[in-house]
There are 2 protein chains.
Amino acid sequence: MTFTTPVEDRYFEDYIPGTVHEFGSITVEEAEIISFAQRFDPQPFHTDPVAARKSVFGGLIASGWHTASLTMRLLVDHYISHVASLGSPGLDELRWLKPVRPGDTLSVRVTLLETQRSSSKPDQGFIRGLTEVLNQHGEVVMTMKSGGFVRCRETDASTAMIGNHV
Amino acid sequence: MTFTTPVEDRYFEDYIPGTVHEFGSITVEEAEIISFAQRFDPQPFHTDPVAARKSVFGGLIASGWHTASLTMRLLVDHYISHVASLGSPGLDELRWLKPVRPGDTLSVRVTLLETQRSSSKPDQGFIRGLTEVLNQHGEVVMTMKSGGFVRCRETDASTAMIGNHV
């Protein structure tokens, strides 16, 4: 299923509950696995191919935070509105289900679980989705439920400026 | 409260439910906010100081994934065992509560919620904690509940090699 509007012109009204969207392709490079982990998650199974071979994972795997960050890149490129996104309050049930290894190619499937127009801030709504991250074999390597605030296309101009939030 | 064992020699038995641990200090640099976001979360309020000023956030803020990754660095440096960690299956209730801005200094408070020795894998257990991330004003900017598998110090040698998992 595809959106009827491009990500550069997508508003709250364009996110339809129950729709499923598949998109993106990003390859996980060994050099980036190591450099990401050296800065953010310096555990040997993320930073040292030799030590990783002797670990429970049997070889180098990406930090779960690296996988999540690559997923975010695909979401920003293809799913999250470039003009109406107002940020996210957080996420639930993030699961790292399978190792992500050098050379893997990841893509994303988002199922839109619910959308709710704000009653207090009539210029925006909240959308919530299940994100599944797949590798090149079609295996789900990560899932999470997350949501975000999105500006509405149809906005009452008199209230549009008071909808700010953190 | 402090651990009785250093992070280089910490096993499942050293994680005591109910204990609270505060540690770490990491400063969030504007250049890294921008470079992280250019790769992983290229939304204008993370990548462009001028555009960010006109956004709902009133200025540049770190990607939530950047904040989470910096948090992971503090956890690896001070909390997660360097010898007994077997990875994490995921996390729950991650919340980005306040913006993280250039120059902020983050620290971490972990409350150990529960620990459970595995019945099927006698060489390991599972620990679960609430992580709160604080800025230099003592404000909680992020929280999450997460867990991980940890090898036990006291292990039955005959079973120690069959405890591998993903």
Side-chain angles (χ1 to χ4, degrees), chain A residues 26 32 35-47 55-58 61 63-77 80-83 85-99 123-124 141-146 148-149 151 161 163-166, chain B residues 26 32 35-47 55-58 61 63-77 80-83 85-99 123-124 141-146 148-149 151 161 163-166:
Chain A
I26 198 162
E32 193 180 77
S35 64
F36 185 100
Q38 283 173 335
R39 171 63 176 146
F40 298 115
D41 190 353
Q43 302 189 78
F45 40 77
H46 300 317
T47 59
S55 77
V56 292
F57 302 109
I61 64 169
S63 166
W65 297 105
H66 187 195
T67 301
S69 297
L70 290 167
T71 301
M72 186 63 187
R73 176 56 187 263
L74 294 181
L75 291 171
V76 171
D77 283 353
I80 296 172
S81 170
H82 292 189
V83 287
S85 168
L86 297 166
S88 167
L91 55 97
D92 292 296
E93 296 173 41
L94 188 153
R95 297 290 176 268
W96 291 299
L97 300 172
K98 281 182 178 286
D123 65 325
Q124 63 182 253
V141 299
M142 188 189 111
T143 61
M144 64 175 175
K145 291 178 181 167
S146 58
F149 300 103
R151 225 178 247 121
M161 300 307 294
N164 292 358
H165 67 90
V166 170
Chain B
I26 198 162
E32 192 180 77
S35 64
F36 185 101
Q38 283 173 336
R39 172 61 177 147
F40 297 115
D41 191 352
Q43 301 188 79
F45 41 77
H46 299 317
T47 59
S55 77
V56 292
F57 302 109
I61 63 169
S63 167
W65 298 105
H66 187 196
T67 301
S69 297
L70 290 167
T71 301
M72 185 63 187
R73 175 58 188 261
L74 294 181
L75 291 170
V76 171
D77 283 354
I80 297 172
S81 169
H82 293 189
V83 287
S85 168
L86 296 166
S88 166
L91 54 97
D92 292 297
E93 296 173 40
L94 188 153
R95 297 291 177 268
W96 292 298
L97 300 173
K98 281 181 179 287
D123 66 324
Q124 62 181 253
V141 299
M142 190 188 108
T143 61
M144 63 175 175
K145 291 178 181 166
S146 58
F149 301 103
R151 226 179 247 120
M161 299 308 292
N164 291 0
H165 66 92
V166 169

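Below, read A as the first sequence line, B as the second, and so on, with proteins coming before strands; counting in each chain starts at 1.
- B/S88 touches chain A through backbone and side chain together, each having a heavy atom under 4.5 Å away.
- In this structure, chain A has no heavy atom under 4.5 Å from any part of B/I61.
- B/Q38 is linked by a side chain to side chain donor-acceptor pair (under 3.5 Å) to nothing, counting only residues two or more places apart in sequence or in another chain.
- Considering only heavy atoms from C-beta on, B/R151 comes within 4.5 Å of A/V56 through its side chain.
- Neither the backbone nor the side chain of B/S146 comes within contact range of chain A; no heavy atoms are under 4.5 Å apart.
- Listed by chain and residue number, A/F40, B/F40, B/H66 satisfy the ring-ring contact (aromatic ring centres under 6.0 Å, His included) test with B/F36 (two or more places apart in sequence, or in another chain).
- When heavy atoms are compared at a cutoff of 4.5 Å, A/I26 approaches chain B solely by way of its side chain, counted from C-beta outward.
- The two atoms that bring A/F57 and B/G87 nearest to each other are CZ-CA, 4.3 Å, heavy atoms only.
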Determine, stepwise, if the pair A/R95 / B/D92 fulfils salt bridge (charged side-chain N to carboxylate O under 4.0 Å, His left out). CA-CA 9 Å; A/R95 297 290 176 268; B/D92 292 297; 3.0 Å; yes

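- Taking chain B as the reference chain and counting heavy-atom pairs below 4.5 Å, the highest number among A/M144, A/E32, A/R39 is found for A/R39.
- In plain terms, the two heavy atoms of B/Q43 and A/M72 that are nearest each other are NE2-CE, 3.6 Å.
- Taking 4.5 Å as the limit, every side-chain heavy atom of A/L75 sits out of range of all side-chain heavy atoms of B/D41.
- Proximity to chain B (any heavy atom under 4.5 Å) is shown, for A/S85, by both the backbone and the side chain.
- Across every non-hydrogen atom of A/A68 and B/W65, the tightest pair is CB-CZ3, 3.5 Å.
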